[in-house]
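Positions are given from 1, in the same order as the sequence printed here.
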Amino acid sequence: MNVKSIVENNEKYEVELTVEVGQEEFEAGLDQAYRKSRGSISVPGFRKGKAPRKVIEGLYGASVFYEDAIEALYPKAVQDAIEEKGLDSVAPPQVEILELGKEGFTFKAIITVRPVITLKQYKGLEADKVLPTVTDEAVDAELQQYIDRATQLEAAERPAQMGDTAVIDFDGYKDGVPFEGGSAQGHALVLGSHSFIPGFEEQVVGMSAGEDKDIELTFPEEYPAEDLAGKPVVFKVKCVEVKERKVPEIDDEFAKDVSEFDTLAEFKDDLKQKVVERNMNNSEAKFRQTLLAMLCDQIDIELPENMVENQVDRFMESYAARLEQQGITMEMYMQYMSMSIEQIRDDLRPSAVTQLKQQLALDAVVAAENIVVSDEDVDEEVKKAAVNLNLPFERVAEGLDRKGLKADLARDRAMALVAAEAKPRLIEASAVEDEIQVTEVTKDDGKEVPKAEQAKDETAEEAKEEKKPAKKTTRKKAAPKEGAEGAEEAPKKTTRAKKSKAEADGEEAPKKTTRKKKADAEEGKE
């Protein structure tokens with residue numbers, strides 16, 4: 001491989017390389033192409049796979065293996081040329097063959113390189129920083145999670161009340177005919193959960209075990225199943241059992257049962273400290289997000305289109321992999337969401353631009369401060385990951401993109417420096433309920449998934465449980481148990497939801513629900 005020329009286009013952030021692959025390399029590529037293809041080539045007088053290369057070339061032409069040889073050789077030739085010239089490529093190259101013959105071939109490769117920017121200011125930035133207070137109500141809310149988990153359901157010998165769990169059998173009828181998904185046996189319905197269409201749960205209230213009742217309702221006009229939307233129906237309901245919540249005594253014994261502490265006071269003090277730490281961490285993360293946005297505001301260049309499209313490709317691959325883990329194909333997801341690939345990519349593009357600007361801004365700080373990450377630093381990071389994953393160091397290190405991890409660690413240090421040099425305007429939060437929701441900067445490998453994506457996982461799970469997303473049924477959201485689809489209210493669809501760019505870190509798949517996951521509540525369950 002020989003780089004014959006190099007032409008830079010700084011306005012487009014492109015470098016044009018002219019690369020020559022010589023006769024020796026080309027000959028090796030041709031021989032490799034022959035060995036790979038000979039088993040599928042028929043030559044009179046020879047068994048498949050046994051015809052010599054010269055015979056095949058004589059029969060089909062000297063150039064019969066040229067294309068395969070070029071396809072095998074040029075990727076490495078391009079990569080070697082990029083490394084030789086020290087280019088920071090950010091997208092697949094555009095390649096064009098200029099000359100081709102038995103002596104070798106010459107090609108032109110247009111390389112999109114990472115823009116290099118200089119920030120006007122990254123030290124002494126001023127931004128609001130919240131100092132959250134912790135109220136007794138906030139600690140009680142934290143404690144309530146433990147109470148809920150310790151609460152038992154017991155049979156109640158009385159009519160059902162709001163808050164009870166009614167075990168019911170039901171069958172739904174429209175115009176006297178059962179409709180699909182409108183029946184269930186032994187369904188445990190939490191009264192007051194609003195998991196069924198409006199009016200259903202309210203009419204179950206007052207039913208006793210063994211009682212039958214006809215519930216007359218009208219489906220909401222916006223119900224996704226067109227044959228049921230706005231239509232009157234009748235549910236024949238039988239109350240099998242009424243269960244009430246038995247809340248434990250909240251005392252020292254309770255604290256011993258659910259925690260490592262001997263007294264309720266000690267347990268609540270620990271919960272309070274955890275809330276304080278969580279909110280302080282969230283406050284710091286939000287502070288850094290604000291600073292990072294201020295750095296990005298200084299980047300007024302138009303990013304190379306190839307760079308942006310490559311980042312969108314990463315997001316698409318990552319999200320498709322997450323769907324596959326749940327047993328959902330991208331085709332199923334698109335059908336369920338009524339979106340095309342182009343629409344999904346359009347929704348991802350602003351996030352891709354934002355993430356790339358974040359990386360460029362932090363790279364500028366890395367360069368200005370001469371931040372260097374050593375191999376030892378990378379090894380330490382891998383050790384931490386191995387401990388967290390409970391895997392051997394060697395397994396975590398295998399196939400690791402050390403260059404990418406070095407870049408991530410350098411950016412982390414750059415962000416820490418910017419935060420340390422900033423001037424926070426301290427603001428006291430009114431209550432811990434105003435906890436700040438934060439996201440994490442997506443790493444450059446495109447595999448880490450930001451918290452913006454977590455909401456989409458709910459929609460993806462619905463698509464998985466739906467199984468037949470194109471079919472119009474009463475169910476657009478999976479029932480809690482084995483039935484109840486017809487009575488359960490489906491999630492309201494909207495046009496594509498606005499993207500929250502507090503989640504500036506990037507990968508954000510399009511969404512049609514507005515539900516918000518409460519990560520802090522989940523933490524208490526772990």
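With sequence neighbours excluded, the residues forming a salt bridge (Lys or Arg N to Asp or Glu O under 4.0 Å) with Asp88 are Arg114, listed by chain and number. With sequence neighbours excluded, no residue forms a salt bridge (Lys or Arg N to Asp or Glu O under 4.0 Å) with Lys272.
Residues Ala209 and Val242 share a closest heavy-atom pair of N-CG2, 4.2 Å. Here the shortest heavy-atom pairing between Asn310 and Val90 reads ND2-O, 3.0 Å. Scanning both residues, Glu201 and Ser195, for their nearest heavy atoms gives OE2-N, 2.9 Å. Among all heavy-atom pairs drawn from Ala160 and Val205, the shortest one is O-CG1, 3.5 Å.
Inter-residue side-chain proximity for Ile341 and Met316 is flagged as met; some heavy-atom pair is nearer than 4.5 Å. With a 4.5 Å cut-off on side-chain heavy atoms, Arg349 and Asp346 count as touching. At a threshold of 4.5 Å between non-hydrogen side-chain atoms, the residues Ser283 and Lys129 count as touching. Between Phe287 and Asp128 the shortest side-chain heavy-atom distance does not fall below 4.5 Å. Contact annotation: the side chain of Gln152 never approaches that of Arg245 to less than 4.5 Å [non-hydrogen atoms, C-beta and beyond]. You'll find the side chain of Leu295 stays beyond 4.5 Å of the side chain of Lys357, heavy atoms only.
Within 6.0 Å of atom CD in Gln121, more than 12 heavy atoms from other residues, nucleotides or ligands are found, so the atom counts as buried in its surroundings. Remark: Glu249 CD is loosely packed, at most 12 non-hydrogen atoms of other residues, nucleotides or ligands lying under 6.0 Å away. Sparse packing is recorded around CD of Glu302, with 12 or fewer heavy atoms of other residues, nucleotides or ligands lying under 6.0 Å away.
Under the 3.5 Å distance criterion, the side-chain polar atoms of Thr165 are left unmatched by any main-chain donor or acceptor of Lys243. The backbone N or O of Lys286 lies less than 3.5 Å from a partner atom in the side chain of Thr290, making a donor-acceptor pair.
In summary, Arg158 and Asp164 engage in a salt bridge, as defined by a charged side-chain N under 4.0 Å from a carboxylate O. A salt bridge does not link Arg413 to Asp408: none of the charged side-chain nitrogens sits closer than 4.0 Å to a carboxylate oxygen. Ion pairing of Arg395 with Glu398 is absent here, as no side-chain N (NZ or NE/NH1/NH2) approaches a carboxylate O to less than 4.0 Å. Taking the charged nitrogens against the carboxylate oxygens, Lys246 and Glu244 do have a contact shorter than 4.0 Å, which makes a salt bridge. Contact check on Arg288 versus Glu284 returns a salt bridge, with a Lys/Arg side-chain nitrogen under 4.0 Å from an Asp/Glu carboxylate oxygen. Salt bridge Arg411/Asp363: present, at least one basic N to carboxylate O contact under 4.0 Å. By the 4.0 Å N-to-carboxylate-O rule, Glu277 lies too far from Lys274 to be salt-bridged with it. A salt bridge links Arg345 with Asp313; the closest basic N to acidic carboxylate O contact falls under 4.0 Å.
Here CE of Met330 is found 10.0 Å from CD of Glu317. Values are rounded to the nearest 0.5 Å. In this structure, CE in Met307 is found 12.5 Å from CD in Glu14, a value given to the nearest 0.5 Å.
Side-chain contact check for Glu331 and Gln335: no donor-acceptor pair (N or O, by modelled atom type) lies under 3.5 Å. In summary, the side chains of Glu369 and Tyr122 do present a donor paired with an acceptor at a separation below 3.5 Å, with no hydrogens or angles considered. A side-chain donor-acceptor contact under 3.5 Å links Asp148 and Gln144. With 3.5 Å as the limit, one finds a donor-acceptor pair spanning the side chains of Asp377 and Ser374. Gln355 and Gln311 form a side-chain donor-acceptor contact under 3.5 Å, judged by distance and modelled atom types alone.
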Phe196 vs Phe170, ring pair (Phe, Tyr, Trp, His ring centres under 6.0 Å): CA-CA, chis, key distance, verdict
CA-CA 12 Å; Phe196 278 32; Phe170 64 87; 5.7 Å; yes
Checking side chain to side chain contact (heavy atoms under 4.5 Å, CB included) for the pair Glu142/Arg278: CA distance, chi angles, key distance, verdict?
CA-CA 12 Å; Glu142 197 81 5; Arg278 183 170 66 238; 3.1 Å; yes
In sequence, state the C-alpha distance, the side-chain angles, and the governing distance for Ile147 and Phe254, and then conclude on side chain to side chain contact (heavy atoms under 4.5 Å, CB included).
CA-CA 9 Å; Ile147 296 173; Phe254 171 77; 3.9 Å; yes
Would Glu421 and Leu417 satisfy side chain to side chain contact (heavy atoms under 4.5 Å, CB included), going step by step from the backbone distance to the final call?
CA-CA 6 Å; Glu421 296 286 344; Leu417 183 147; 4.1 Å; yes
Could you go through the salt bridge (charged side-chain N to carboxylate O under 4.0 Å, His left out) check for Lys268 and Asp136 one step at a time?
CA-CA 10 Å; Lys268 293 182 74 170; Asp136 291 339; over 6 Å; no
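In this structure, Arg322 fails the cation-pi test against Tyr319, since its NZ or CZ atom is not both closer than 6.0 Å to the six-membered ring centre and inside 45 degrees of the ring normal.
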